**Q** 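I have a structure I would like to understand better, so I am pasting it below and will then ask my questions one at a time.
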Amino acid sequence: MTDGKHDAFRQGALDYHAFPKPGKLEIRATKPLANGYDLARAYSPGVAEACVEIERDPVAASRYTARGNLVAVVSNGSAVLGLGNIGALASKPVMEGKAVLFKKFANVDCFDIEVNESDPEKLAEIVCSLEPTFGAINLEDIKAPDCFIVERICRERMGIPVFHDDQHGTAIVVGAAATNALHLAGKRFADIKVVSTGGGAAGIACLNMLLKLGVKRENVWLCDINGLVYEARTEDMNPQKAAYAQASDLRTLDEVIAGADLFLGLSGPGVLTPAMVEKMAERPIIFALANPAPEILPDDVRSVTPDAIIATGRSDFPNQVNNVLCFPFIFRGALDVGATEINDAMQIGCVEGIAALARATTSAEAAAAYKGEQLTFGPDYLIPKPFDPRLIGVVASSVAEAAMDSGVATRPLDDLETYKERLNQSVFRSALIMKPVFESAATTTRKLVFAEGEDERVLRAAQAMLEDTTDTPTLIGRPEVVQMRIERAGLTIRPERDFELINPENDRRYRDYWQSYLDRMQRKGVTPDLARAILRTNTTAIGAVAVARGEADSLICGTFGQYLWHLNYVQQLLCDGGLHPVGALSLMILEDGPLFIADTHVHAVPTPDQIVETVIAAARHVGRFGIAPKIALCSGSQFGNLDSDSGRRMRAALDILDGMALDFTYEGEMHVDAALDPALRERIFPGNRLEGAANALVFASTDAAGATRNILKTRAGGLEVGPILMGMGNRAFIVTPSITARGLLNVSALAGTPVHHYG
C-alpha cells in the first residue's frame, strides 16, 4: 500500500470509528417502555417476579434475562493483533469489533470487557466473578503462556463455556482447511509429517487440533525463534511446547522441513524460503498465517512448487484463515443448548461443518458478496467465506448436536432439523413466510422456463430448484455461454442431464416456435420474416411460446429489461381462457412483518374496475402465504375528504366491492399511515372495517405503489418476494432486474403453488 493510500485508509478507519457517534456498539431495549404500566413491569414491582423465579430455578435466567444470548469478550490487551502488549484501554476498538462480529454473523449479544490486570491468576479470578452476567466467555488477545493459565482456571471454576478464540478459533479453521487440503492432495492425517513455526497460543492449539484429527504425535516438528523444540532444551520453554519436543539431533527449520507434507506457520515474515519448500513432499500444503506479512508469499511458493496448496491469514490471497468462520457460530450453538463448556467434540463438529460447507455448491449470497472471486471447491477455495449465510445453520447446528451427544447440553433441543431451519430463517429472511409456499409447491411437479438462462442468478436458482423442489427447469441460452457461466460459478448442474436447454441461435424447435408465434400474430402486423427474427433473438417470446404450446407450465422472465416490454409478449401469447394481467403484487418482508403492495407495474392509472380486480386478486395471492388478507385502498384522499381523481376512483371501486359480498376484509379510501396505524385510523373513522394494521396496500397508481415498494426496499430494509403477476394463473412471472438468485427461487416456488380462493 503506497503512503498516500495508507494515509487515506488510516483516516477512513478513524472516521469509521468516530462518526456518526463514537465506537461501534450501543445498547437498545428489547421491550417497550412507553407508559406507567410498562415501567411497573420492567422495574418495580414487576421485576421482582422474575428475580423470584430465577432464585428458585437458576436455569430460568435464560428465559427471563438476556444472559442466555450474552457473551463477554474479555482481554487485558497483552497480545493484540500484531500490535503486541498495548494495554487494556487501547485494545477496546478490537474487542468492540469482536462484539460487532458476534452480532452480525450469529445474532449473539456481546459486551466487551477490558481489564487492567497482567497477573493471569488474578485475571482469571475477575473473569470467574462475571459468571452470573454471561452465558459464555470469549477470552481474547491474552499473551502466551498467560492465556493457558487463565483459560484453565476459568474452565475449572465456571459452569459456562470459556473459549480462548486466539487459540481454539484459529485451530478450528486450520483444522477445516487442512481437512480439505488433504482431501485435494490425496493424503491422510495419520500419514503426514507436520512442521510448525511458532510456539504461541495459536500455534500450540493448532497442533493439538491436528492431533485430534488424526496426526501422529511423532510426526509433528515444532520450531520457534530458537530452532527446533527438542528434548532437554531449556531455552524459552514451557509445558505446552515441551509436549512437542522431538528426540533429534536436528536443530533448524531448514533441517527438519525435508519431506514435510504440511507447513504450519504462525510466526513471522520470511521464515520459510523457496529453497525449503523444494525439500517438502510432493504437492505440499503450506499454511503461512503470520499477519500482515506471511512466512512466505504464495507466488514464491508457486515459483518452485506450482501444485502447492496454500493458505494465509490475509484477505487479499485465497484461503484466508479467519476466526470469524468459527467463533460466532460455535457460541451460537453452545448458547442455544445451554452448554456448560465447549469441548473437543463440539470443536471437531465445527471443523467438520466448515469443511463440508466449502465442498458444497457455493451460495448465491456469498458469490454476490465476493463478486469476481472463484468460489469453487479446490486449491484456491478450501474454506467458506465469512459472508456465506449458510455458516450459521451448518456450523451452529453441528456444534449443538455435538454438545447434546457429549452430554454437556443443559437445554437439549427437541428437533435438530427444526433448529437448523430456524437458524437459516435468521439469515434468509424470506424462509419463514415462504415455508407454506414451498410445502405446497412440493406436492406438484411443474416445468418452468427461464427466459434469461445465461444469467448467473438464474443458473443458481436452477441449481437450488433441483436441490430444494420437485420442479424441473428449462433455460433459454447459448450452450457455450451457459456452460462457461456454470463452471465459473462452481455449480454442479449440467445441460440435458439436469435441465433442458433451448438455444435461441440453433434449436430443433425453432421452426415450430416461429410458426406458432406467426399463427398468433399474423393479423396483428407480424410477417413471417419478423416472426423468425423475434424467435431467434427474443428469449421472453421464446419462453412464452413454450408455455403456450404446453411444453412448459410457467414462464419466468425480467432479470433485465423493462417490465412492460416483457409484459407485451406475455399478453400476446398467454392470455387464453379469460387470463389477463390484473396487476403486479410485491410482498415486502419488513422487520415487523409482511406487507403486500399493489399494483406496482401493470396499470399506470387503473380504472375503478381494474382496482376491484386488483383487490380481489391481491386477496387470493395473500392467501398463498397462509395469511388472512386485510386490504387498504390507498389514495391522496381519506374517507372522502378530497374530491381528487384518485379518491373518486377508489370510492367507485369501494362501491363495486361492497356489492359483491366478499369474504375478506378491505377498507378505504385512506392514507398509508391510517392503513398501518389502527389507533390513528380509529380516531379518523371510528368503527371502520379493518382490525389492526392492514397487510396489503392497493394504490391508485403504479407511481405511488412503485415508490412505496422502492422506499421500503432501500430505506426500510425490506426484502421483496415477487413481483407476482396476478391474473395469469401462474403461467407467467415478470421479475425485476434487482432480483437475487434466492428471489428467483422464491418465484419458482410461487409458480407451483395454487392461488387461494376468496370471494
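Everything quoted here is computed from the prediction, not taken from an experiment.
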**Q** Can you tell whether the side chains of Arg689 and Glu667 come within less than 4.0 Å, N to carboxylate O?
**A** yes

**Q** Identify whether the distance between the nearest side-chain nitrogen and carboxylate oxygen of Arg681 and Asp677 falls below 4.0 Å.
**A** no

**Q** Can you name the side chain to side chain donor-acceptor pair (under 3.5 Å) partners of Thr492, sequence neighbours left out?
**A** Gln463

**Q** Under the rule for ring pair (Phe, Tyr, Trp, His ring centres under 6.0 Å), what residues qualify as partners of Tyr569, not counting sequence neighbours?
**A** Trp565

**Q** Not counting sequence neighbours, which residues clear ring pair (Phe, Tyr, Trp, His ring centres under 6.0 Å) with Phe596? List them please.
**A** Phe625

**Q** Which residues satisfy the side chain to side chain donor-acceptor pair (under 3.5 Å) test with Arg446, sequence neighbours excluded?
**A** Ser554

**Q** Under 3.5 Å, sequence neighbours excluded: what are the donor-acceptor pairs made by side chains of residues 472-483?
**A**
from, atom 1, to, atom 2, distance (Å)
Arg478, NE, Glu454, OE2, 2.7
Arg478, NH2, Glu454, OE1, 2.9
Gln483, NE2, Glu487, OE2, 3.1

**Q** For Glu505, give me all partners under side chain to side chain donor-acceptor pair (under 3.5 Å), at least two apart in sequence or on another chain.
**A** none

**Q** Partners of Thr614 by side chain to side chain donor-acceptor pair (under 3.5 Å), sequence neighbours excluded?
**A** none

**Q** Can you tell me which residue pairs pass the salt bridge (Lys or Arg N to Asp or Glu O under 4.0 Å) test with a partner in residues 531-540, sequence neighbours excluded?
**A** Asp529-Arg532

**Q** By the salt bridge (Lys or Arg N to Asp or Glu O under 4.0 Å) test, which pairs, at least two apart or in different chains, include something from residues 564-581?
**A** Arg520-Asp576, Asp576-Arg731

**Q** Does Tyr563 have any ring pair (Phe, Tyr, Trp, His ring centres under 6.0 Å) partners at least two apart in sequence or in another chain, and if so, which?
**A** His601

**Q** Between the side chains of Asn69 and Arg332, is a donor N or O closer than 3.5 angstrom to an acceptor N or O?
**A** yes

**Q** Going by ring pair (Phe, Tyr, Trp, His ring centres under 6.0 Å), name the pairs with one or both residues in residues 632-658, residues two or more places apart or in two chains.
**A** Phe639-Phe685

**Q** For Asp414, give me all partners under salt bridge (Lys or Arg N to Asp or Glu O under 4.0 Å), at least two apart in sequence or on another chain.
**A** none

